[in-house]
Structure formats: C-alpha cells, structure tokens
Amino acid sequence: MQHILLIGAGSMATVHAFSYLSLSKIKLVGIVDPNSEKAEPLAQMTGVPAFVTLEEALDKLEQVDIVDVCVPTFLHKEYVLKAALHGKHVICEKPLAGNLADAQEMIDFCNYRKVKLFVAHVVRFFPEYEKVKAHLDSGSIGQVGVVRMSRVGKMPAGHQDWYSNPDLSGGVVMDLSIHDIDFLRWCFGDVERVYAKGLRGREWNTKQLDYGLVTLRFRNGVIAHVEGSWAHEEFVTTFEFAGSEGIVDYDSSKDKPLDLKRRESSEAGGGVFVPLSTVEPNPYARELQHFIECIETGADPRVTAEDGFKAVEVVLAALQSMDSGQPVTLGERE
Amino acid sequence: MKIGIISVAHMHAVGYMYVLQGMPNVDIVGIADEDRSRAEPWAKQFNLPLYSSYQELLEQELDAVIVTSENAKHHEHVIAAARAGKHVLCEKPLSTNLEDAQEMIDVCERSGVYLGTAFPVRFSTPVAAAKKAIESGQIGEILAIKGTNHGFIPEGWFTDPALSGGGAVMDHTVHLADLMRWFMETEVKKVYAEYDSRFSDNPIDDCGIVTLEFENGAFATIDCSWSRTKAYPTWGDVTMEIIGTEGILHVDAFGQKINVYSDKVGVKWDPWGDNMDEGLLRNFLDHIGQGKPPLVTGVDGLRATEAALAAYRSFEEKRTVVLR
C-alpha cells in the first residue's frame, strides 16, 4: 500500500485526488495547500485531512510514501526538493520546471536522496496517443515524414492568474504544447532544431491570448508542427502523422465518444481544462498507477525525469527562437 | 473572345479548357505543345487544332493566351505572348526565379497587355467568404494563420527541378502565401523553412513547413507537403486557421464535399462545391475585356514566388531570410 500526500488543491490536484480514490493498493492520506479555503473542500470530498504546509503534513501523518506535486509550475521546485529531503518519492506535474537549472537541480537532488522523480506527461497515457504510437512502431504508415499536433483552448484561470504571466507559466508553449512536444519525443527521440513564432512579447500577448506555432526537426529527420493556443473557445486536440505508406489522424472535436451541450453557455474562464476520457481507468489514473508500479517493481517509467528535462529544453529553444527570430539547434542553446 | 492554350504540361490546362468551352462568347482557338503526344488526346477531346510550336499559335487571331507549360518555360511563353500583343494568364508559380518574373511583368507592361497569375483558390467560395468576413472586421486584427496545402506526389516534370524549379515548397507554398497576402493586404517580411524528401525516393523536396512573418506583424505557417497517401480520400486541400483579436476563422477551401464509403470506388470525398477555375477565368476574361488588370496580377505571382524561393534559401543557410 502506497500512501500519497497531494500538494495543491486546484484542477489537476482534484483530478489526481479522485484518480487515487479509484485505484486499489493506493491510499490518499492528505492534501496540502497554503490556502486552506481551497484545500478544505477537496479534503472533505476525498475524506482526508488538509494541511497548510508539507512539513505539517509529514509531521502529523503516520505514513507518506509519495508526494504528488500539483501546484503552479513556479512552485514545483520548492515542493519537490522538500519532499526529496524527507526521503519521499515524487510525482511532479508538467512542466518539470520553468528553466533548466531548476529542472537539473530537482533531478540531481532526487538522485542524491535516492528517491524517484516522475514527471506527469499524461499524454503518453491517453489511449488515442498510445494507439498512434503503436502504429508508428508497427510500421503501418511507413517512414514518417511530417507530423501535425494541435492543442487549443481558452487560457485557464489559475491561482492569481498565473497562466497569463509568462514569467510564471512560460506561456502557452511551455504549459500546453509541452504535452505534444513530450509525446513527439517519445515517438521520434531527440530534437535537432527548433523554429517558432508566437504572441510572446507581442502587443497582443495580453491576459486573454497566447498562441504559438513551433516547427521541430528531429534527429531522425521527422518534421513536426506543433500548434498551441490559448486563443480558442473550445478545448480541442488533433494530430496527423503522415508517412510514406499511410496517414493516421485524430480530431477530438469530431471523434467524440461523449458530447454534452448545455442549453445555456456556461461561464467563461474556470480552471485548467482537463480533457476527460470515457475510458476506464482514465488516463490520469493509468499514469499514476504506472508510476506507483515503477516504485514497487523498480521498473523504468514510461516517462523519465530526464524526459521531463528534455521537454523543457525543447520548449526553451522554441521561446529562444521566438525571441531571436532564428532557428535554434539544440546543444547550441545560450 | 479568342483564347489560345500554350502547353498542356500542367494538367490544369484541361480543367481550364472544360470551363472555357462552357462559356458563352469564348472560343478556344487551339493548343500549342511541342510534345504532340501528350497534347493530342486533349486536342481530339476538345476538337481543337494542335500546333507544334507556340509561335504558330501566336500568329492566330487571339485576345489572350493561357500558359500552362512547365514552370521553367513560363518565362519564354509569357514573353512571346506579350510581344505578340496577347493578354496572358500564367499558371502558378509564375516563374522559377525572380529575374524571370520581373521581366515577364515588365514586358507585359511595355507591350500593353495584362498579366494574370492563376491562383484559383482566391475564387473558392469559402475563401472569398473568409476574405469578406475579415474585411468586415469579424475577427478583428489578424495575429496568426496556420495553413495547409497538402497534396499527392505529382508525376513527370513536377519532380524534375530543371523544369519545376523545386518540389513541394515551390508547388504549394505559393497558393497560401498569396491568400495570406490578400487577406491581410501586407507583404511577406521574413521566411524560414524546414523541408526534406521523405515520401518518395526522388531527391526533390516533397514535404516541409514554411514559416512566414508579415509586415503587419502577423506570423503564419504553411504545410506544403505532398504527404497524401493513395488511400487518403482527399480531392484537394487548402485550409487556414486564422487567429484574430476578436475571433477565429477556419477556412477549408475543399470542405464542400460528401463522404463516400463504397465497395466499388472505395472511400472518397466527393465534392459539390463551386468550380474555382470558373471564377478565375471569368475574372480574367471580364477584366481584360473591360480594360483593367485581373484580380490576381503578375506582381501577386512574383510575391508568392519570392516567398517560396526565400524558403529554399533559408533552409540552405539555416537562418531566417529577411525580404524587406
């Protein structure tokens, strides 16, 4: 039985909390959030105590094996380091960190403390994405030439509007496109070169809008185009993998196993949109269960801390390209 | 109005002839093609005289010619037509280098004839409606455009750089570069591209992503890949996701279709939309008849070609090409 302490009480933390409740041999034991008004309702719904600090939780709880960090990106490092210091394994939401120095420090310290560090790149656990990966692996579409990935929606209204502050969230490419960038790395390995354009630093990159178009050139030759948007009304993900012998595509706005439309349009804003799947267990639960199995068996996880680092590295190369207006070759970053 | 066709190297010639034959007061005078074997079936089908040299065709009484030869021959054919005093509608891309394009424009001007570039997608009804929606301010100021112009790998001279001037980047960047310039009434400022040959053994570029930045500050990408497989049900592809300050506009120029799942003909998208070639030809002929330039001019053809050529240069040099 693994005992989980959840850090955060926002949208992602809520999804993780209920995922834990649905899994066997896993026990959610507490929720930490400096804002007790946020932590209390989630704690009550899940039937566990709420705490204001990690230290208080570790002090009062009988057993904690894993700390699951679901707070805004700029707070990841603080909680990951604290958890590792106390000898707890760590699950950390993506992106691992907003810069590479922090990401490296987190990885190094977890290694030093001999605790596992998992980065929650959940797209690798969404069945539609697993399925296209299986097609690539089986060679059913031949040599892959060009890949198009898209993830669009509204800018989420997070804690103190942290998503809209590029210094805190990194913007739409760091927060949203990183899902697709990580998935592409899983499929094709390391990235050679990045070119990107975005609203970053432009007049219209205000609280309401962010948009980025990133072109990735992988070392294996694949060309990928990644659209990330906080300028759309509806959350939609699409992909198209075009190969020499076939095409695989998916569009969440068209391939809908379940579609609910309420007669009155619901309120704007809200937390980060969490795409739910009709599969059981849901991809978040499958991801968390996988991480916990890795702790118990010592197996290598599907997504490593190094993968988490490299996804951030590619995003930062994209942001550098947006700033400089030039392609950025990885390994030659400033 | 009397029209001559110079070359059927580009299969669009056939589509144009179908449209022209259905138009009142339009006569196709003949086809000129140095390769009689490829032109003969069409001359027979449309019941037209076939000339082995374009000079011979240009000696006939003509108001205008349509140049649908190999890209590298546009220059020679357009200039000859202009010097013979015929208005010219030239297939895209206008030329394979900028010097040729500029000379074509200059000679047409000096000869007192109009030069049009065949960008039929401007006449697609969804695209024309998008232009109107943008002009009326529906989506505010345009910030970014995500475009695709996918296709099948063409055969013959299209994959011979000496005749085509380039592969997918040359063939498919120009349509969307033209539409984006037209929608925003701005010029391409910066270009970068990643491209490769990944869909066939032919060494010509068959796929790529071209990134553009415009003088108005907007940015865009164009997926110009010949990436459609035989099994893909497409009959064409031009899409744009246009991100504006007040909204988002999605255009699918080939979205006017029904889906067919047939044991006999397979899975197909069967189009019901308007024929964009008809709009292109009608505009060209109406305008030259009224003594004014067509909607899509030689300069438009040059600007789009300029973007495609910059795409090649950017990837060779691995840096952004600044055009202006």
Side-chain angles (χ1 to χ4, degrees), chain A residues 141-148 150 152 192-199 202-206 208-218 220-234 236 238 240-249 253 321-322 324-329, chain B residues 139-148 150 153 168 189-201 206-214 217-234 239 241-248 250 314-315 317-320 322:
Chain A
I141 63 167
Q143 175 184 264
V144 176
V146 177
V147 179
R148 301 182 64 78
S150 172
V152 306
E192 165 90 25
R193 195 168 43 248
V194 182
Y195 194 78
K197 292 279 178 200
L199 296 185
R202 293 175 190 238
E203 184 195 343
W204 279 99
N205 186 198
T206 59
Q208 302 89 27
L209 298 176
D210 200 4
Y211 188 75
L213 296 175
V214 180
T215 302
L216 303 175
R217 189 56 177 262
F218 285 83
N220 73 354
V222 167
I223 299 169
H225 181 268
V226 181
E227 176 189 37
S229 172
W230 281 335
H232 282 66
E233 290 295 296
E234 190 191 349
V236 175
T238 67
E240 181 191 275
F241 290 71
S244 56
E245 292 165 65
I247 291 173
V248 181
D249 69 14
S253 70
S321 175
M322 286 182 193
S324 70
Q326 295 296 336
V328 174
T329 300
Chain B
I139 60 166
E141 186 187 325
I142 293 176
L143 302 173
I145 304 178
K146 180 185 72 160
T148 67
H150 293 132
I153 296 179
K189 190 176 170 187
K190 297 175 183 173
V191 184
Y192 181 79
E194 289 282 342
Y195 59 84
D196 207 342
S197 170
R198 295 185 65 78
F199 289 84
S200 77
D201 297 331
D206 58 25
C207 63
I209 304 284
V210 179
T211 306
L212 305 174
E213 192 172 321
F214 293 86
F219 59 89
T221 55
I222 299 170
D223 185 338
C224 59
S225 307
W226 291 336
S227 54
R228 300 305 88 174
T229 49
K230 289 185 213 76
Y232 200 79
T234 188
T239 71
E241 182 92 342
I242 307 171
I243 314 301
T245 53
E246 306 300 322
I248 291 192
H250 183 79
S314 73
F315 185 60
E317 298 175 1
K318 298 289 182 295
R319 63 183 183 85
T320 302
V322 181

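Here is the naming used below: chain letters follow the sequence lines, and residue numbers restart at 1 for every chain.
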> Does the side chain of His232(A) come within less than 4.5 Å of Ile248(B)'s, by heavy atoms?
Replying inline: yes
> Sequence neighbours excluded, which residues qualify as salt bridge (charged side-chain N to carboxylate O under 4.0 Å, His left out) partners of Asp206(B)?
Replying inline: none
> Between Ile247(A) and Ser227(B), what is the shortest heavy-atom contact and its length?
Replying inline: CD1-O, 3.3 Å
>> So which atom in Arg198(B) and which in Gln143(A) form the shortest heavy-atom distance, rounded to 0.1 Å?
In response: O-NE2, 3.0 Å
> Which atoms form the tightest heavy-atom contact between Val146(A) and Ser225(B), and what is the distance?
Replying inline: CG2-OG, 3.4 Å
> Checking heavy atoms, do the side chain of Thr148(B), its backbone, both or neither come under 4.5 Å from chain A?
Replying inline: side chain
>> Is Thr221(B) in contact with chain A via its backbone, its side chain, both, or neither, using a 4.5 Å heavy-atom distance?
In response: both
> Which heavy atom of Arg148(A) sits nearest a heavy atom of Gly147(B), and at what distance?
Replying inline: NH2-O, 4.1 Å
>> Working note: Tyr211(A) + Leu143(B), criterion side-chain contact (heavy atoms from CB on, under 4.5 Å); need CA distance, chi angles, decisive distance, verdict.
In response: CA-CA 9 Å; Tyr211(A) 188 75; Leu143(B) 302 173; over 6 Å; no
> Looking at NZ of Lys146(B) and CD of Glu227(A), how far apart are the two atoms once the value is rounded to the nearest 0.5 Å?
Replying inline: 3.5 Å
>> Within this structure, what is the CD-NZ distance for the pair Glu245(A) and Lys230(B), rounded to the nearest 0.5 Å?
In response: 8.5 Å
> Is there side-chain contact between Asp223(B) and His225(A), with heavy atoms separated by less than 4.5 Å?
Replying inline: no
> Who are the salt bridge (charged side-chain N to carboxylate O under 4.0 Å, His left out) partners of Glu241(B), not counting sequence neighbours?
Replying inline: none
>> Quick check against the 3.5 Å criterion: does Arg202(A) have a side-chain atom that pairs as donor or acceptor with the backbone of Gly217(B)?
In response: yes
> When only pairs under 4.5 Å are counted, which of Gly325(A), Gly246(A), Ala224(A), Ser229(A) shares the most heavy-atom pairs with chain B?
Replying inline: Gly246(A)
> Arg193(A) and Phe315(B): which non-hydrogen atoms are nearest, and at how many Å?
Replying inline: NH2-CE1, 3.5 Å
> Using non-hydrogen atoms only, which part of Val222(A) is less than 4.5 Å away from chain B: side chain, backbone, both, or neither?
Replying inline: both
> In Å and rounded to the nearest 0.5 Å, what is the CD1 to CG distance from Ile222(B) to Leu213(A)?
Replying inline: 11.5 Å
> If you take all heavy atoms of Phe199(B) and Gly243(A), which pair is closest and at what distance?
Replying inline: CE2-O, 3.4 Å
>> Below 4.5 Å, heavy-atom pairs only: which of Ala196(A), Ala231(A), Gly221(A), Ser150(A) has the largest tally toward chain B?
In response: Gly221(A)
